[in-house]
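In listed order, ligands and their atoms are each counted from 1.
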Amino acid sequence: MMSAPKSTHALWYPYTQMRQISELPRMVAGEGVIMHLEDGRSLIDGISSWWAVIHGYNHPVLNTALLQQANKFAHVMLGGMTHHPALDLAEKLVSITPEGLNHVFFSDSGSIGVEVALKMCIQYWRNLGYNGKSKIISLRNGYHGDTFKAMEVSDDSDFTRAFADVLNRGFILDIPTGGFDADAATVRQAADQLEALLIRGHGNIAAFIVEPLVQCAGGFHIYSPLYLKLARELCTKYNVLLVFDEVATGFGRTGKLFAADHAGITPDLMILGKALTAGYMGHAATLATTAVFDSFLGDNYEKALMHGPTFMANPLACAVALQSIDIIQSENYLEKIAHIQDIIREQFDSINAPAVIHKRTIGAIGALEMKDAQCLAGFKEFAQKKGAWLRPIGNVLYLMPPYIISDEQLLTVLHTMKEWIAQIK
Ligand SMILES: *Cc1c(COP(=O)(O)O)cnc(C)c1O
């Protein structure tokens with residue numbers, strides 16, 4: 001048998017220049033927030049494996065939910081067939097998300113959840129007899145996934161560069177400055193920009209999509225919940241759907257169960273992913289209001305939503321998601337998250353280094369914007385030596401730990417960040 005030449009990587013890694021790839025740590029087991037590596041080292045996961053593993057690794061209760069479902073059936077198509085885990089999870093999501101989001105469409109990743117939401121928006125207006133309402137408004141620095149429509153509503157970045165000339169762009173607006181506690185006048189200025197665009201363009205605009213409150217992959221920018229309230233009023237006034245992409249912010253990350261809860265409003269559509277299955281399985285949910293859902297009703301397929309991922313509502317994913325939500329609700333997770341926020345804030349407060357140009361915290365998110373990405377060259381390796389798994393995005397050093405992290409583990413992660421910052425020249 002011929003073996004492949006050594007220089008060939010069978011495995012193609014994400015967001016990676018494969019020519020420059022170096023030896024990667026190999027995880028062989030996980031336990032709580034700890035990632036055990038093949039070489040005997042262990043690391044504290046400071047970023048919840050792309051923000052998903054909220055209860056840590058190898059959680060006994062989630063494992064049991066998974067195995068119990070696997071022993072019944074691991075998968076069944078949702079076309080023409082249904083099952084309890086899907087029905088129960090849909091009901092559960094309706095009950096915990098903002099009032100009025102009454103219908104759930106499942107898919108297999110956050111990007112696809114976004115695609116589904118945008119398809120729903122565009123078809124909604126078509127179904128109601130409006131022509132030409134198909135453009136989407138989104139926010140500067142936004143990130144909504146890597147598929148084509150998701151790239152179109154994401155801001156220009158390294159993720160979209162290669163496709164810039166084939167993307168059918170809508171409109172991009174600035175987020176309000178001033179962070180979570182921005183004064184009302186500043187927030188209203190940003191809302192005025194939105195209104196000016198809506199006055200001019202609402203005849204062509206289907207929806208406004210945002211990462212509510214915190215833009216994660218685009219650099220952890222935090223903005224005022226008042227902006228979301230004003231956006232809600234304006235979208236209603238000018239006949240444009242409001243879409244909250246809570247793939248990253250959902251399930252407690254911002255200190256409330258959903259970022260929408262900070263603003264006390266209901267978007268027309270909401271997308272959940274990442275922490276939905278606590279990192280056990282790729283899965284996503286697109287929730288819609290009754291008004292959106294009803295627009296798809298009719299006597300034939302013409303108005304129906306013609307979309308159906310093969311693995312939508314996968315029973316293993318649904319069973320684990322149900323159990324994950326149960327843990328969040330029964331084990332006072334919002335208190336745990338408030339406590340994590342306190343510790344992050346306390347530690348960030350004592351950072352006073354010229355290389356750090358902005359500190360941002362909310363819920364179980366802490367981000368330090370550095371003066372440039374060069375300040376963070378070599379950080380990942382440094383963190384691993386200190387026993388922490390952290391991976392900066394561009395010039396932002398951040399943590400988004402699993403909610404079960406102990407104070408001691410959290411401090412190890414934060415001290416690792418601080419130690420690095422202290423030695424930057
Ligand atoms: C990660 C992310 C996505 C894409 O989710 P995938 O599961 O990676 O496709 C979409 N929106 C936001 C806000 C995200 O953080």
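- No side-chain donor-acceptor contact under 3.5 Å links Asp45 to the backbone of Ile34.
- Salt bridge annotation for Glu195-Lys237: present, with a cationic side-chain nitrogen under 4.0 angstrom from a carboxylate oxygen.
- The ring pair (Phe, Tyr, Trp, His ring centres under 6.0 Å) search around Tyr57 returns none, not counting sequence neighbours.
- With ring centers used as reference points, Phe159 lies under 6.0 Å from Tyr15.
- Sorted by chain and number, the heavy-atom contacts of ligand 1 below 4.0 Å come from Trp51, Ser109, Gly110, Ser111, Tyr143, His144, Gly145, Glu211, Asp245, Val247, Ala248, Lys274.
- Looking at residues two or more places apart in sequence or on another chain, you find a side-chain hydrogen bond (donor to acceptor under 3.5 Å, both in side chains) between Asn239 and Tyr130.
- For the side-chain hydrogen bond (donor to acceptor under 3.5 Å, both in side chains) condition, the pairs that include at least one residue of residues 377-393, sequence neighbours left out, are Lys386-Glu419.
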